[in-house]
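To keep things clear, I will list the structure first and then write my remarks on it.
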Amino acid sequence: MKDIINDIQIAVAEAVKEIYKTDIAPEDFLVNPTKKEHQGDYTLVTFALAKALRQAPPKIAADLGDYLATARPWISDVEVIQGFLNISLGDDYWSSRLGEMKRDPNFWKPAMPKEKVMVEFSSPNTNKPLHLGHIRNILLGWSVSKIFEACGHEVFKVQIVNDRGIAICKSMLAWMKFGKDQTPEQAGRKSDHFVGDWYVRFETEFVKEYTLWQSTDEAKAIFEKRTDRDLDTPAFFKSYKNKYFNTISALGKEARELLLKWEAHDEETIALWKKMNGWVYAGFDETYRQLGVDFDKLYYESETYVLGKGIVEEGLQKGVFYQKNDGSVWVDLTDDGLDHKILLRSDGTSVYMTQDVGTAQVRYDEFGAKRMTYVVADEQNYHFQALFAIMKKLGAPYADGLHHLSYGMVDLPEGKMKSREGTVVDADDLMRTVIDEAGEAAAEREEVDDDIIRMIGMAALKFFIIKVDPRKRMTFDPKASVDMHGQTGPYIQNAYVRIQSILRRAESSDSGYAGYVVNEDEKLLLNMLGQSAGIIENAARDYSPAVIANYAFSLAKEYHRYYHEVQVLKAESEAAKNFRLQLIETIGVVLKNTMDLLGIEMPDRM
RNA sequence: GGCUUCGUAGCUUAAUGGAUAGAGCACCUGACUACGGAUCAGGAGGUUGAAGGUUCGACUCCUUCCGAAGUCACCA
């Protein structure tokens, strides 16, 4: 179904051809909904046409207005204000729009050429449970996937799990030393949190060890030899911590030895590693289930970290990369405004970039998606710029389809959220909190079942996060996130619930609404419903679910207003009642479908 | 220092280069014998960080500056 603006644009283009004998494309000029303070439904902005037609904008508006008002029966009235042509549409046109939406169940979404699209999101580490930052990531990734699906694409949702390295070894070591073969069940702890607890325990023990060491003669000697004389004792030991871990620490040594054993495929170590990661995955699955998301394929760094070496060798042969005397392999990205980037260390081992190059290729081989979106925080902007530049240099057929959906950090009101500062907001805790809050709000009303309370709480949380433009850093206000009034998920759910409540009470009637004169509020609503497909297209183009969140909110707001303005079941005529029932049902369809793109469920009652 | 992103009401934010910058929260007034008040109507609150420039028209584009964040590892 074409939207109204498109209809008008075509009519205008035809009028231009008729009057000025000039060809102009319908999308080369602007048609907007008319501002409330002016007469009319849609406004043609004629300034863009002025150059091509070599006429003054008001003249163009007048000419086109005269022509359209007589030649197009569905245009009932026109008015010229300076360079703006305000166009009013006839009643028949408006009510026929509603019928078209009824007939086409897909009217709300765009029809685009099908493409294969891959979206990578979440991508956690296995040593800690998911937190607020992951939630933003996951909601964005999930929503973008749903949006692409709505556009008609075939979407593959993947995540890459960082399951290797020193971090998980710390958890393993702490568990071996202090865990006494305990299991999550015995500890009564969600299994990913259980593993995270051992990571924290390791850090605690390490800090204890480090603090004790600081009063030894060895430490004092090192402090005296410091190069930066400005550092006082606490500042020096803060900066020395990493060095201490890698050189002197007994715990550090044990952890590094464990990593070496893992790399040597030591049987016992691998078994423990599998056991602990298994606990983590079971915990993650539960969190994902509560968030309402899933994946088509998981990649593990323990498998992918060896990838890419072959491609780098090839690139070296082709002269895309170069080798330094020490044997390390580099790429020169200065043409792209970047620096030189290393791809293979002098000992021949791979770096992060090598792995990403390899993983991209493997995924392309597996899925054949020429578009891949990486949902990763903006601290990695530079990395992805470099990665995409490298893929282009290598001539990968999918290089132009690579996209980094970069999003800003989530701040807490107190300051930056970092796990080491202990202000991390745990994903499971957060979800529990918002659902509890929804339960309390519901208790003041009437009893509602747990599933609906869950939907309401999750809607509050998800909408709060997703309504913000991904690029922007956002401040997470715990109090505002559980708010159910105003610009929130529950507000939109409430609009839907009101619609369903009316529809439940309505007796079916087939008498139709022929001859019904659509009022201004209804025109506005029909207009908004017609925009749905275009909005989704924009959201896909900009990789921005926030666009849809804002649209759904506006539509719900307009509906709430309408609800107070008119009676549906006790409408002034049978035609009015039928028209309005049809209208609000359609609003309900669009609300439910657009909110689904954000991963938000719509209850029938609340 | 180079590069990237962001700066809009007290707070959180919206606005393909189009008409008088639109909302929500908080604050103040009103509207329930209800198609569900998790709602609605109204009030107050803005030099869109600053200054130039381009344009018929700039929150939007360009330049310079100010402020915030990130990044510029043989870390991931």
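Convention: sequence-line order gives letters A, B, ...; per-chain numbering from 1.
- Listed pair R505(A) / G36(B) meets the phosphate criterion, a side-chain N or O lying under 4.0 Å from OP1 or OP2.
- By the 5.5 angstrom centroid cut-off and the 30-degree plane limit, Y382(A) is classified as not stacked against the base of U4(B).
- Comparing the C1' positions of U47(B) and U20(B) gives an interatomic distance of 16 Å, to the nearest angstrom.
- Going from the C1' atom of U39(B) to that of C6(B) covers 35 Å, rounded to whole Å.
- In this structure, N494(A) places its CG atom 10 Å from P of G36(B), rounding to the nearest Å.
- OP1 or OP2 of A14(B) lies within a sub-4.0 Å distance of a side-chain N or O belonging to K472(A).
- With the nearest nucleotide of RNA chain B identified for both P33(A) and H564(A), P33(A) has the one nearer the 5' end.
- Remark: ring of F84(A) stacked against base of A19(B); centroid gap under 5.5 Å, plane tilt under 30°.
- Across the C1' atoms, C40(B) and U54(B) are found 45 Å apart, a figure rounded to whole Å.
- Pair check for C65(B) finds G49(B); Watson-Crick or G-U wobble, both atom distances under 3.5 Å.
- G70(B): Watson-Crick or G-U partner is C3(B), with both key distances under 3.5 Å.
- Nucleotides of RNA chain B nearest to D347(A) and F29(A) differ in position, and the one nearer the 5' end is that of F29(A).
- Straight-line distance between the P atoms of A44(B) and G36(B): roughly 34 Å, to the nearest whole Å.
- Remark: I147(A) CD1 to E537(A) CD distance equals 12.5 Å, nearest 0.5 Å.
- Under the Watson-Crick or G-U wobble criterion, with both distances below 3.5 Å, C40(B) is paired with G30(B).
- Between I81(A) atom CD1 and U20(B) atom C1' there is a gap of 13 Å when expressed in whole angstrom units.
- Whole-Å rounding puts the H485(A) NE2 to A23(B) C1' distance at 17 Å.
- Contact between the side-chain N/O atoms of Y491(A) and the OP1/OP2 oxygens of C40(B) is found at a separation under 4.0 Å.
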